[in-house]
Every structure is written in C-alpha cells, then in structure tokens.
Amino acid sequence: MTIVSKTANSPSFRRSRRLLTGALVLYFIYTFIPLLYVIVSATKTNADLFGTFGLWFAHDFNLVQNLKDLFTFQNGIFSRWLLNTVIYAGVSGIGAAFFATFAGYAFAKYEFAGKRILFAMVLGAVMIPQTALVIPIFLLLSKVGLVNTPLAMILPSLVFPPGVFLMRVYAQDALSNELIEAGRVDGAGEFHIFSAIGFRLLMPGFATVLILAFVATWNNYFLPLVMLSSSENFPVTVGLSQWYQLATVGSGAAVLFTVVMTGALVSILPVIAAFLFMQRYWQGGLSSGGVKA
C-alpha cells in the first residue's frame with residue numbers, strides 16, 4: 001500500500017495524469033463541436049444559420065418549425081427514409097451479431113479442417129475497405145435481381161468480419177473449455193450448450209458487435225448510393241445528401257439548409273438511443289450470464 005501511495009503521489013505520475021486528462025479534454029472538444037453545431041443549427045432559421053455564430057443559439061428558436069418542415073417536405077418522405085434506415089440497420093445489426101457470434105464461438109472452441117486458413121481470410125477481410133467491395137457486390141446482386149430492394153442493403157451488411165474477429169477473441173477468454181466439457185458430460189448437445197451457456201456468457205461481446213454493426217449500417221453512404229435508385233428505398237444518409245445537393249443549386253432552394261441540419265439531428269437520436277439501451281448488456285451481461293448458466 002505504501003509503494004502504491006508513493007507512486008500515485010509522485011511528480012511523474014501527477015504529470016502523466018494531467019497530460020492524459022488534457023488529451024481527453026481535447027478529444028472531447030474535438031468530437032463534441034460537430035454535434036453542438038448540428039444541435040444549434042437545427043434551432044435556427046435559414047437567415048440565422050448564415051448570419052449568426054455557428055456554435056451558439058440565435059434569438060429566434062425555430063426548432064419546432066424546422067421539424068414541421070422536415071417531416072412535411074416532399075410529402076413527408078423523410079419519415080420513410082428514417083424507417084428504412086431503422087429496418088436496414090436493425091436487421092443487419094442483429095443478423096451480423098448472431099453470425100459473428102456463431103463464427104467466433106466456432107473458431108474459438110472447435111477444431112476443424114481449414115480453421116487457420118478460414119480465420120486468416122477473416123483477418124484479410126477486416127483489412128479490406130468495404131467501399132472496395134461495393135461494385136463487385138452490385139454486379140453480383142444485379143445478376144439475381146436484388147438491386148434497388150431492401151435486401152441489397154441488408155444482405156451485404158450481414159457480413160461483418162470485425163465482429164467475427166472480436167467474438168473469436170472474446171469467446172476464447174470468456175468461455176472456458178471446462179464449462180463446455182461439463183455440459184457434454186451431462187449429455188447436452190452442442191447447440192444446447194451454446195444457447196444455454198455460451199451465448200449468455202458471450203452477451204457483452206454480442207452487444208458490442210450488434211451496436212458496431214448497427215452504427216456501421218446506419219452511417220453507410222456509398223453502399224445505398226450504388227444499390228438503391230428509388231427514393232422510397234433511400235436511408236437518411238442518401239436522402240439528406242440529395243436534399244443538400246438540392247439546397248446548393250440555385251438560391252430558391254437555399255431554405256433546405258435548415259431542413260438538412262434538422263434531419264441530421266433527428267438521424268442521430270436513434271443511434272444515441274441504441275447506445276443507451278445496449279449499455280446495460282455491457283455492464284451486467286457477463287455476471288448475469290454466469291449466474292443464469
């Protein structure tokens with residue numbers, strides 16, 4: 001205890017702590033400023049958006065009117081875009097998390113032919129930029145007639161190599177081989193062992209992969225831009241981009257800037273809600289799984 005106390009009170013330790021705290025503060029400011037700008041901009045009129053300080057509110061609070069404009073412009077198509085995005089991200093996130101958990105569990109706990117080669121391919125897929133695969137995926141899906149359908153967004157997003165890698169590493173440490181062997185001795189089948197014991201212990205990792213895949217699909221722009229041609233199937237990323245392009249051509253459409261900023265603010269809220277909802281699984285998933293198992 002004396003050694004720890006002296007170390008904690010040493011000048012070098014205090015200096016390192018101040019440097020680390022300063023770095024964290026700078027990082028917080030760097031990441032918070034764009035969010036603050038979006039929040040503030042969504043409350044302004046178009047004139048105030050360009051005529052007042054960008055990081056503080058104007059005298060006229062116009063958020064309610066901006067929300068009305070957002071959900072009524074072009075017959076309220078933003079609601080359709082928002083619903084499309086929730087469906088794409090929700091189905092893709094849940095599916096990718098399940099597939100990654102299955103694959104990670106198999107890589108961590110089973111021995112089979114070609115295991116190292118397959119896992120090396122997974123690692124290789126992690127290093128490949130996803131945008132480089134969009135055109136080949138487009139050509140493949142066009143052959144089977146799935147372009148400009150929801151499946152054109154969902155099917156490619158179900159493959160999430162970083163999730164497989166994460167779950168393989170997590171399952172290696174979180175789930176002991178002795179626990180699996182005990183289930184086999186008791187006569188439980190492999191799927192029952194996974195569902196009753198393994199999956200509950202892997203719940204924190206599952207929740208992490210789910211939120212990562214959810215956010216990746218939610219923020220995806222290039223894939224829907226290439227795959228979807230009908231505005232009724234657009235997610236919010238592509239839809240807001242089209243509105244922004246419309247706002248920049250001609251002075252008559254300039255009022256759309258406030259609509260775009262308000263749409264950006266609304267599109268952030270489901271992601272924040274998803275993080276808050278999944279947080280309990282990160283905090284209590286491991287101990288809860290151990291008790292229930």
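The structure presented is a predicted model; accordingly, all values stated were derived computationally and were not measured. Position 1 is the first residue of the sequence, and the numbers go up from there.
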### Message
Determine whether F160 and F98 satisfy the following criterion, ring-ring contact (aromatic ring centres under 6.0 Å, His included), listing intermediate values before the conclusion.
### Response
CA-CA 10 Å; F160 193 56; F98 271 112; over 10 Å; no
### Message
Among residues at least two apart in sequence or on other chains, which ones pass side chain to side chain contact (heavy atoms under 4.5 Å, CB included) with Q172?
### Response
A108, R168
### Beyond-backbone contact of I77 with S231, side-chain heavy atoms, under 4.5 angstrom
yes
### Task
For K115, check salt bridge (charged side-chain N to carboxylate O under 4.0 Å, His left out) against everything at least two apart and list the hits.
E111
### Task
For a side-chain hydrogen bond (donor to acceptor under 3.5 Å, both in side chains) with K44, tell me which candidate from D60, T52, N62 qualifies.
T52
### Query
Relative to the ring of Y105, is the ring of Y110 parallel (under 30°), tilted (30 to 60°) or perpendicular (over 60°)?
perpendicular
### Task
Could you tell me whether Y244 atom OH has more than 12 heavy atoms of other residues or ligands within 6.0 Å of it?
no
### Task
Mark yes or no for whether N66, through its side chain, and V259, through its backbone, hold a donor-acceptor pair below 3.5 Å.
no
### Query
Does one side chain, of N177 or E181, offer a donor that lies under 3.5 Å from an acceptor on the other?
no
### With F78 via ring-ring contact (aromatic ring centres under 6.0 Å, His included) - residues at least two apart
F71
#### Entry: Hydrophobic cluster membership, L212 vs M127, 4.5 Å side-chain cutoff
no
### Exam field: side chain N233 to backbone N148, donor-acceptor pair closer than 3.5 Å
yes
### Task
Check the surroundings of atom CG in N75: do more than 12 heavy atoms from other residues, nucleotides or ligands lie under 6.0 Å from it?
no
### Query
V64: what forms a side chain to side chain contact (heavy atoms under 4.5 Å, CB included) with it, not counting sequence neighbours?
K68
### Query
For V147 and M227, which heavy atoms make the closest approach, and how far apart are they?
CG1-O, 3.2 Å
### ring-ring contact (aromatic ring centres under 6.0 Å, His included) partners for Y88, two or more places apart
none
### Summary
What one should report as the nearest heavy-atom pair of V236 and S267 is CG2-CB, 4.0 Å
### Query
Can you name the closest pair of heavy atoms from M261 and A42 and give their distance?
O-CB, 4.3 Å
### Task
Indicate the atoms forming the closest heavy-atom contact of L202 with T101, along with that distance.
CD1-CG2, 4.1 Å
## Note on the structure
Residue pairs passing the side chain to side chain donor-acceptor pair (under 3.5 Å) test with at least one member in residues 209-221, sequence neighbours excluded, are Y221-S241
### Message
So for atom CZ, which belongs to F191, do other residues, nucleotides or ligands contribute more than 12 heavy atoms lying within a distance under 6.0 Å?
### Response
no
### Query
Counting only N and O atoms by type, is there a donor-acceptor contact under 3.5 Å from the side chain of T149 to the main-chain atoms of L146?
yes
### Query
Backbone N or O of V38 within a donor-acceptor pair of the S41 side chain at under 3.5 Å?
no
### Query
Should the heavy atoms of other residues, nucleotides or ligands under 6.0 Å from CD1 of I117 be counted, would the total exceed 12?
no
